[in-house]
Amino acid sequence: MIKIICNKSEVLPKVINYPDGTFKIDLYLPEGTSPWKIIWKYENETELIQLMYITRHLKNHGYTNIDLVMPYLPNARMDRVKDSTEVFTLKWFCDIINSLGFDRVEVLDVHSSVGEALIDRISVKTPENYIRQAMETAGISKSNDLIFFPDEGSCKRYSAFIPHYDNVGFGIKKRDWKTGKIQGYDIHGADPKGRNVFIIDDICSYGGTVYHAALKLKELGCGDISVYFTHTENSIANGELFKGDLIKGIYTTNSLCTLDTAKYPKLHILNCFKEEDLC
């Protein structure tokens with residue numbers, strides 16, 4: 001979904017499809033020339049075409065000082081290619097964003113330094129406030145409970161946020177690189193026995209890595225397990241994390257997730273589109 005904010009007025013583009021699948025877009029813009037923010041709550045890549053049309057329309061009508069707020073960076077996982085058959089979608093996506101000439105592009109918790117490097121005038125917002133909100137809601141104790149990173153990437157990304165927590169652990173997964181399946185999981189760091197655990201990661205599709213981590217942590221005698229993801233795809237509902245009593249609570253932002261929390265009571269969604277969070 002794309003919307004525009006100018007002088008605290010919110011505009012939702014009116015988008016319909018012609019029979020051939022192309023767009024008809026109408027914009028009823030408020031008076032004022034700056035500053036403009038285009039807010040993109042990602043749902044699918046067809047919205048990239050809408051973003052291109054809307055931005056070009058604004059610039060063609062003389063509007064300047066346009067920022068893009070895009071909490072989730074599409075194609076973030078495709079931050080490298082292994083051979084010539086793979087299309088480097090992240091690079092080409094970022095090239096399109098750069099061609100639109102935004103004054104600033106704000107993203108939340110970008111998946112890798114590659115995505116950050118590829119976008120001009122990028123501003124990366126950390127998820128620290130959302131992580132702390134989730135910890136507080138989950139009742140995590142600084143002295144008694146365990147902060148856990150399920151892989152090397154999350155450990156590097158988030159360990160600086162939790163210097164005052166006494167017990168920290170991380171996991172190393174053993175993966176069959178031919179099939180992509182996780183074949184084993186090792187726990188390192190503080191002993192999880194008898195401690196409630198708070199797992200932190202950035203993106204979740206089905207939650208396979210966290211599921212294997214949680215199984216191992218339970219095997220080692222931990223207490224309740226809560227999980228935070230910055231960006232959660234709705235496909236998490238097709239994984240294992242909502243099943244049974246393995247996971248007590250799952251916390252995420254609404255950068256991607258649109259699941260009904262009434263249907264999934266373990267799920268807690270934090271709003272990253274509040275006005276104060278977009279500044």
Side-chain angles (χ1 to χ4, degrees), residues 76-77 79 109-113 126-128 130-233 235-253 257 264 266-268 270:
R77 289 191 186 91
D79 57 0
D109 198 7
V110 66
H111 180 63
S112 79
S113 58
T126 77
E128 183 173 1
Y130 305 120
I131 292 173
R132 295 198 185 283
Q133 285 179 50
M135 285 182 174
E136 183 177 346
T137 304
I140 298 301
S141 165
K142 291 184 177 182
S143 58
N144 297 322
D145 296 330
L146 174 68
I147 306 302
F148 188 82
F149 304 109
D151 56 28
E152 182 180 4
S154 61
C155 186
K156 289 180 179 178
R157 189 176 296 111
Y158 302 120
S159 57
F161 295 164
I162 44 87
H164 303 300
Y165 285 81
D166 295 339
N167 306 294
V168 178
F170 65 95
I172 298 178
K173 52 192 172 185
K174 301 173 184 177
R175 189 186 294 276
D176 183 337
W177 292 107
K178 291 183 178 180
T179 64
K181 293 183 177 180
I182 298 173
Q183 296 183 318
Y185 199 89
D186 292 332
I187 301 289
H188 300 268
D191 186 356
K193 187 174 182 179
R195 306 185 192 279
N196 293 330
V197 179
F198 189 84
I199 300 176
I200 305 173
D201 207 353
D202 65 333
I203 301 178
C204 175
S205 290
Y206 297 96
T209 299
V210 166
Y211 174 70
H212 284 277
L215 287 177
K216 191 66 176 181
L217 288 163
K218 282 293 187 181
E219 182 183 314
L220 295 174
C222 79
D224 292 333
I225 300 175
S226 299
V227 185
Y228 169 87
F229 302 108
T230 301
H231 310 290
T232 299
E233 299 173 41
S235 53
I236 188 176
N238 299 319
E240 301 294 328
L241 298 187
F242 286 131
K243 298 178 181 178
D245 298 322
L246 182 64
I247 304 297
K248 181 180 180 181
I250 299 171
Y251 300 83
T252 190
T253 75
C257 190
Y264 300 98
K266 291 184 183 182
L267 184 63
H268 306 266
L270 306 171

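Nothing fancy with the numbering, it's 1 onward along the sequence. Computed from a predicted model, the values in this text were never measured in an experiment.
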Trainee: Do you know the tightest heavy-atom contact between H111 and D202?
Mentor: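 It is ND1-OD2, 2.6 Å.
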
Trainee: Could you list the residues that satisfy side-chain contact (heavy atoms from CB on, under 4.5 Å) with L246, not counting sequence neighbours?
Mentor: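 Listed in chain order: Y211, A214, L215, K218.
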
Trainee: Which atom names give the shortest non-hydrogen contact between H231 and D109, and what distance separates them?
Mentor: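 Taking every non-hydrogen atom into account, NE2-O, 3.5 Å.
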
Trainee: Can you tell me how far the SG atom of C204 sits from the CD atom of E233, to the nearest 0.5 Å?
Mentor: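 With rounding to 0.5 Å, SG (C204) is 7.5 Å from CD (E233).
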
Trainee: Mind listing the closest non-hydrogen atom pair of I147 and M135 along with its distance?
Mentor: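 Looking at all heavy atoms of both residues, the closest pair is CD1-CE, 3.5 Å.
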
Trainee: So which heavy atom on C222 is nearest to which on V197, and how close?
Mentor: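 Nearest heavy atoms, C222 then V197: CB-CG2, 3.7 Å.
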
Trainee: Find out whether Y264 and I250 are in side-chain contact, i.e. whether some heavy atom of one side chain is under 4.5 Å from a heavy atom of the other.
Mentor: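 Counting from C-beta outward, Y264 and I250 never come under 4.5 Å.
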
Trainee: Are D145 and Y165 close enough that some pair of their side-chain heavy atoms sits under 4.5 Å apart?
Mentor: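 No; the side chains remain at least 4.5 Å from each other.
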
Trainee: Measure the OH-CD1 distance between Y228 and I200 for me, rounded to the nearest 0.5 Å.
Mentor: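 One gets 8.5 Å once the value is rounded to the nearest 0.5 Å.
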
Trainee: Is N167 reaching over with its side chain to a backbone N or O of S143, donor-acceptor style, under 3.5 angstrom?
Mentor: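 At least one qualifying donor-acceptor pair exists.
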
Trainee: Under the side-chain contact (heavy atoms from CB on, under 4.5 Å) rule, collect the residues that match up with Y206, sequence neighbours excluded.
Mentor: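 With neighbours one apart ignored, the set is S235, N238.
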
Trainee: Looking at residues at least two apart in the chain, or sitting in another chain, which of them share a salt bridge (Lys or Arg N to Asp or Glu O under 4.0 Å) with D224?
Mentor: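 Here the qualifying residues are K248.
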
Trainee: What is the minimum heavy-atom distance between S154 and F149, and which atoms define it?
Mentor: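 What the structure gives for the nearest pair is OG-CB, 3.4 Å.
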
Trainee: Would you say K266's side chain and I247's backbone share a donor-acceptor pair under 3.5 angstrom?
Mentor: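 Yes, K266 side chain to I247 backbone: donor-acceptor pair under 3.5 Å.
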
Trainee: Counting C-beta onward and ignoring hydrogens, is there a side-chain heavy-atom pair between I199 and L217 closer than 4.5 Å?
Mentor: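 Of all side-chain heavy-atom pairs linking L217 with I199, at least one is under 4.5 Å.
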
Trainee: Please report the interatomic distance OH(Y130) to OG1(T252), rounded to the nearest 0.5 Å.
Mentor: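 The distance works out to 11.0 Å.
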
Trainee: Is it the case that the side chains of T253 and Y251 hold a donor-acceptor pair, with the cut-off being a distance below 3.5 Å and no angle test?
Mentor: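 Checked: Y251/T253 side chains show no N/O donor-acceptor pair below 3.5 Å.
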
Trainee: To the closest 0.5 Å, what do you measure between CD1 (I225) and CG (D245)?
Mentor: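 With rounding to 0.5 Å, CD1 (I225) is 11.5 Å from CG (D245).
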
Trainee: Could you grab the distance from atom CD1 of I172 to atom CG of D151, nearest 0.5 Å is fine?
Mentor: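 Nearest 0.5 Å value for the CD1-CG distance: 10.0 Å.
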
Trainee: Before giving the answer on salt bridge (Lys or Arg N to Asp or Glu O under 4.0 Å), spell out for E152 and K156 the whole-Å C-alpha distance, their side-chain angles and the decisive distance to 0.1 Å.
Mentor: CA-CA 6 Å; E152 182 180 4; K156 289 180 179 178; 3.2 Å; yes

Trainee: Could you tell me which non-hydrogen atom of P150 sits nearest to which non-hydrogen atom of Y185, and how far apart they are?
Mentor: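 In this case the closest contact between P150 and Y185 is O-OH, 2.5 Å.
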
Trainee: With rounding to the nearest 0.5 Å, note down the distance linking CD1 in I140 to CZ in R195.
Mentor: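 These two atoms lie 12.0 Å from each other.
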
